[in-house]
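Here the structure is laid out as structure tokens; the discussion comes afterwards.
Letters A, B, ... mirror the listed sequences (proteins, then strands); counts begin at 1.
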Amino acid sequence: MKQYEYLAKGALKAYGIPIPAGQLVSTPEEGAQAVASLGPVALKAQVLVGGRGKAGGIRFAQTQQEGYDVAKAMIGMDLKGYRVDRLYAETKLAIERELYISVTTDRNAKRPLVMASLAGGVEIEDVADDQIVKAYVDPEVGVLPYFGREVASALGLEGTIFKEFADLVVKLYRIYREKDAELVEINPLAVVDGHLVAADARLNLDDSALYRHPDTTIVDEGSALERKVHEIGLAYVELDGDIAVMANGAGMAMATLDAIQYFGGRPANFLDAGGGASVGPTAEALDVLVSMKPKAILVNIFGGITRCDDVAAAILQVKKTSGIPVPLVVRLVGTNEQEGVALLKAAGIEAYSEMAEAAEQAVRLAKEAL
Amino acid sequence: MKQYEYLAKGALKAYGIPIPAGQLVSTPEEGAQAVASLGPVALKAQVLVGGRGKAGGIRFAQTQQEGYDVAKAMIGMDLKGYRVDRLYAETKLAIERELYISVTTDRNAKRPLVMASLAGGVEIEDVADDQIVKAYVDPEVGVLPYFGREVASALGLEGTIFKEFADLVVKLYRIYREKDAELVEINPLAVVDGHLVAADARLNLDDSALYRHPDTTIVDEGSALERKVHEIGLAYVELDGDIAVMANGAGMAMATLDAIQYFGGRPANFLDAGGGASVGPTAEALDVLVSMKPKAILVNIFGGITRCDDVAAAILQVKKTSGIPVPLVVRLVGTNEQEGVALLKAAGIEAYSEMAEAAEQAVRLAKEAL
Amino acid sequence: MSILLNRDSRIIVQGITGNQGRFHTRQMLAYGSQVVGGISPTKGGQQIEGVPVFDTVHEAVTATGADASIVFVPAPFAKDAAFEAMENGIRLVVMIPEHIPVQDSIDIVARAKALGVTVIGPNTFGIISPGEQTKMGIMPNHIYRSGPVGVVARSGTLSYEIAFSLTNANLGQSTVVGMGGDPVVGQTFITVLEHFRNDPATTCVVMVGEIGGSAEEEAAEYLETLGKPVVAYLAGRAAPAGKRMGHAGAIIERGKGTLESKEKALRAHGAEVVTMPWQVAEAVRGMLPSK
Amino acid sequence: MSILLNRDSRIIVQGITGNQGRFHTRQMLAYGSQVVGGISPTKGGQQIEGVPVFDTVHEAVTATGADASIVFVPAPFAKDAAFEAMENGIRLVVMIPEHIPVQDSIDIVARAKALGVTVIGPNTFGIISPGEQTKMGIMPNHIYRSGPVGVVARSGTLSYEIAFSLTNANLGQSTVVGMGGDPVVGQTFITVLEHFRNDPATTCVVMVGEIGGSAEEEAAEYLETLGKPVVAYLAGRAAPAGKRMGHAGAIIERGKGTLESKEKALRAHGAEVVTMPWQVAEAVRGMLPSK
């Protein structure tokens, strides 16, 4: 779960990492007030998109009037598809240099990775490899101060900045570790008046560890529909096609989308009904699909833990209570397959046993529905 | 540094380990008040001696009058040489069973050791080895919940007590680790109403780690003289003999005491002047020895980092400013030996080169002084 | 006749008294797995499906000589369970739970490395060796049959789909391993492929991958060393960037983890990459010597 | 001709720019030690006593091929320094500082064990190999001479006293090791005795112990394996129970750590135990073959 910049900076501050003076702005009046209390400010849209600056999400205000005007212009604006509700006003910095630092989990090494660069201020993906210092953390040791010094030394830093940077690595790792972060990044890590300041910050938290951090501000940038399905406890991603899809298992769900695409169709969503979901949640999920008003619905089930008769029952339940006013294609094999197929057949629904055939049929029906 | 029971219990409580309701009592009035608020109480002398109960350091009060009387009798009493200044009043417990649990550092294994026993309520030294469960902690892993369960299982605990005990092991280790303890012990760990309660507790902290715990209540049970020398920053232990001793290095100081005893004398103190102490502290330490009014003073120096001429200068400084009105024997060899010996000789002090001869002479002079 | 797990493996079930633990203990016994004990604190002395329950792994190992463990405890307790197994001498740990915090997985994997323990998962369906009639996992029993095809997969149901299609095509499996859908798991494609390389019963390997990370790219070069033909199928062609597709690990982040990059790497090192799951069996048949 | 430290050891000094670090760098160089670098963050590029200073151990090891380090940083930074040395390939670490928190020492010693690093100390005078004309420590240079006597001691100045008495009696030393006066230190008497056992240049060993702990008792049985005569002298006969005698480790607690118990154990396994330091040299002479 990504945290807004102002939340990320709050975390940095709590760990003793210097951040610029700043405050949240939700109205034009607060924009004016921010300039009154902070002087000239940068007003930064609090949205979770990269390249925010280039997209017009960061503007400046010298006077209170400007603060008011800029805030008015920015609040409610659309930034790469996201509505801007809040701005974060920050003292404008006189930046001398821009560095980069982050801690993240390296999936292949299966351990934390500290990345640092003298080329800050741009996305790290755009920095040449030989300009990035990478240091892997041994999780049995953690990050002791020497580790920070080694990174500072590898960057060629000296004097005060060397010491501040080394110290910052230790603190950043503590945030990563203690807050269960997937990523904590300071970019740019600015040098202002000869000292380090976190000019921008990202903090992505591990959803699976949220139970350990009950005070976390929950940020769900998903669409209304996505939020709704997340609340049922299922994995759901909205796509831009017209064939609604339900499958059991994340891999199966992905493969089902691929199959639709393969036959020339366009999937409307990713929905993993789970490896062993029972009748209730399966029906709820199907209800959501119906509510999307797709051109067709494809249900693709390989019954392992999931029982085919449960899935059939869920389908029949939705058919009976809400109705399914669009073409429905069901592929049903595996555990209790015969019972499930029979149930559907009794209700006039023919089940497929081959995934390919089912996907092809769903695409055909969706096209016919045009 | 040992902590008083009430401080140890405060630490347990902060980590979520159940302790009886209790309060500090410093006056007879507070003794009465304790009964008023807690009901029948045990009043426990807050001194750092073992076997406190048997020595009369724990008494009971049913009524407020008894609370007053018992507190009056106990406050100011002498317990094995220590004056009782404070009592800790605690709700009297209806104890069903008494267990034992501690975490300490095993010097040979060089790792933490959890000890537990069903035979609580007596000193663990008096418990037979086969009644003690010992579990060593791998410091690279720490104590995870399973470790507590293994100890509970090895003790043969069951049900609620199994779970509470397993949980308690985890918390006790956290105290040991996070508070830099040398020992944290609950004895007896009482079963009251089917639940575990820490009826008594010990907490010994690592002096070397106090800088990490600035809020620690400093407890120095040493004599006035011991406290004074500790403040100079030197290791000092008061003994009951009449020959004052200064040496450089802890081993040398111990060996010097041994040598005095070997020749039939009785050392008055242990004083390690340090491996490389300069003129100032050495003179200060010598001043303390003079102030003890011993029968003789023995200074035993093997100059390594310590320079013999510095020691000689310190002796001469004390001789000049405060005077040394008792027989002084100096053994001086090693770095800058010649300069040191010459300095002393010029002031009429003959230095020995052999430790044995010097110790023998100090004993002889002390006997002559009788 | 298998990798990692064979008929001699003595298995314990951590969390045997929970619904999932109990159900899958029954399934494993039915398949033929040698389940010798279960763990459930304070429930020691009971029997579940005829299997003795112990309070601790220590007791279970002492009493049964267990060397493998499958973990069914809820995610917040999974790290504790994994360490309990590893510190008590268990050398194969299968971690079924999903939603284990990544920092916990990092700790588990690091400790496993230090102790020489093989961890399968977390968030895996487990491991099954059909020829040995033994499994540690939650996969359906009936979809596998004994044979020469090694399967290593990142996802569960999708691997069932593929295993079943192999079985239906008379292409049996030596061992099927689920690496798990989390960002940090105990195995890599390479570590599993190394085992398949050394298993004489495996003559051909199927890799079932997906978007996210670079496990497939990392493995590609190893295919040259493997010395056995590989069919790869990867899911997620239609997945958009920046969205987590169910598995915590299935996400294209900052341009990394795309299917294109993975398929290109695998092809470059000799794998036959198919684009749909139903094409796997056909490709495998083409690689096996005709009898 | 020595144990652990020889003339080829390439030594770095962590904390070289401090007073103590600088002074003892000079003393070590004067004795003949091969000090190849020093560490002091942000002071890289300087020279101290002709020795190049680096910001990190990593740089120093890369530039000089150092394999041993002596640590002079203040106690609160000692754990960091020890880990920096160990994680960068240093395999002999001498920890001079006293007052290092015991939990830090526990961590250092555990890591050293995992990595196969030899840690001397903390709270030690160090190690000196007179026949190799090299030392890592703070002991005075002039009191040693080359010879066949191995010395292992828990205390500093007392070991100087004894080493000097040996030297004056023409009984030179192969290596003198200070284990350190703290409760938790890197070595035990046994680990050091094992080295002396394998050193052909050592024909006799002097143990200098003291009250506290049970290191001497633990070592006693090993004397049978050592195969070389041992003279032991232990300090603290006059020490009362429950009081810390200067060294954090020198304390008789709960009836454990008394001199009687230690001397009894050592005698039972063949050591010649003397009661006063000035008796050591005489006892050693009696054990060496007369020329």
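Of the two parts of C/E218, only the side chain, counted from C-beta on, holds a non-hydrogen atom closer than 4.5 Å to a non-hydrogen atom of chain A. Neither the backbone nor the side chain of A/L48 comes within less than 4.5 Å of any heavy atom of chain C. Contacts of C/R154 with chain A are made by side-chain atoms alone, with heavy-atom separations under 4.5 Å and no backbone atom involved. Of the atoms belonging to C/V109, it is side-chain heavy atoms, and not backbone ones, that fall under 4.5 Å from chain A. With a 4.5 Å cut-off on non-hydrogen atoms, A/E182 touches chain C through its side chain but not through its backbone. Interface residue C/V185: backbone and side-chain heavy atoms are both found under 4.5 Å from chain A. Only the side chain of C/I143 comes within contact range of chain A, judged by heavy atoms closer than 4.5 Å. No part of A/A359 comes within reach of chain C, as not one of its non-hydrogen atoms sits under 4.5 angstrom from that chain. Heavy-atom distances place no part of C/Q20 under 4.5 Å from chain A, backbone and side chain included. With a threshold of 4.5 angstrom between heavy atoms, C/P277 approaches chain A through side-chain atoms but not through N, CA, C or O. Proximity to chain A (any heavy atom under 4.5 Å) is restricted, for C/M276, to the side chain, taken from C-beta onward. Looking at A/I124, only its side chain comes within 4.5 Å of chain C, counting heavy atoms on both sides. For A/A253, no part sits under 4.5 Å from any heavy atom of chain C, backbone or side chain. At a 4.5 Å heavy-atom cutoff, the contact between A/D206 and chain C is made by side-chain atoms alone. Contact of A/Y211 with chain C is made through the side chain alone, with heavy-atom distances under 4.5 Å. Heavy-atom distances place the side chain of C/E210, and not its backbone, under 4.5 Å from chain A. Neither the backbone nor the side chain of A/L210 comes within contact range of chain C; no heavy atoms are under 4.5 Å apart. Using a 4.5 Å cut-off between heavy atoms, C/I106 touches chain A through backbone and side chain atoms alike. A/E226 touches chain C through its side chain: at least one heavy atom from C-beta onward sits under 4.5 Å away, while N, CA, C and O do not. Heavy atoms closer than 4.5 Å to chain A are found nowhere in C/F125, neither backbone nor side chain. Neither the backbone nor the side chain of C/S105 comes within contact range of chain A, judged by heavy atoms closer than 4.5 Å. Both the backbone and the side chain of A/Y176 come within less than 4.5 Å of a heavy atom in chain C.
Ranked by heavy-atom pairs shorter than 4.5 Å toward chain C, the options A/R111, A/E185, A/E354, A/R266 are led by A/E185. Counting heavy-atom pairs closer than 4.5 Å to chain C, the top-ranked of the candidates A/A181, A/A235, A/P139 is A/P139. When the candidates C/P140, C/A235, C/A215, C/S155 are compared by the number of heavy-atom contacts under 4.5 Å with chain A, C/A235 comes out ahead. Ranked by heavy-atom pairs shorter than 4.5 Å toward chain A, the options C/G246, C/A239, C/P183 are led by C/P183. For the options C/A250, C/A248, C/G249, C/S159, heavy-atom pairs under 4.5 Å to chain A are most numerous at C/G249. Heavy-atom pairs under 4.5 Å with chain A peak, among C/K256, C/R111, C/Q27, C/M139, at C/R111. Chosen from C/Q103, C/H99, C/H24, C/H247, the residue pairing most often with chain A at heavy-atom distances under 4.5 Å is C/Q103.
For CD of A/Q338, the number of neighbouring non-hydrogen atoms (other residues, nucleotides, ligands) closer than 6.0 Å is 12 at most. When the shell of 6.0 Å around CD of C/E282 is examined, it contains 12 or fewer heavy atoms from other residues, nucleotides or ligands. Environment of CD in C/E221: sparse, with no more than 12 heavy atoms of neighbouring residues, nucleotides or ligands closer than 6.0 Å. Under a cut-off of 6.0 angstrom, the local environment of CG in C/N19 is sparse, with at most 12 non-hydrogen atoms contributed by other residues, nucleotides or ligands.
A 4.5 Å side-chain heavy-atom check between A/L257 and C/R237 finds every atom pair outside the cut-off. Looking at C/P240 and A/L239, their side chains come closer than 4.5 Å, going by heavy atoms from C-beta outward. The closest side-chain heavy-atom distance from C/R244 to A/V237 is not below 4.5 Å.
A salt bridge links A/R177 with C/D107: the distance from a Lys NZ or Arg NE/NH1/NH2 to an Asp or Glu carboxylate oxygen falls below 4.0 Å. A salt bridge links C/D104 to A/R212: at least one charged side-chain nitrogen sits closer than 4.0 Å to a carboxylate oxygen. The existence of a salt bridge linking A/E140 and C/K113 is excluded, since no basic side-chain nitrogen approaches an acidic carboxylate oxygen closer than 4.0 Å.
Without hydrogens or angle criteria, C/T157 side chain to A/M252 main chain gives no donor-acceptor distance under 3.5 Å. Side chain of A/K110 to main chain of C/Q187: a donor-acceptor pair is present (N/O by atom type, distance under 3.5 Å, no hydrogens or angles).
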Under the side-chain contact (heavy atoms from CB on, under 4.5 Å) rule, what do A/D258 and C/T275 come out as? Steps first, then yes or no, please.
CA-CA 8 Å; A/D258 295 351; C/T275 52; over 6 Å; no
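Aromatic ring orientation, A/F302 versus C/Y160: tilted (interplanar angle from 30° to 60°).
With rounding to the nearest 0.5 angstrom, the CG atom of C/D182 is 9.0 Å from the CZ atom of A/R107.
Side-chain contact of C/S214 with A/N108: a donor-acceptor pair under 3.5 Å is present, judged by distance alone.
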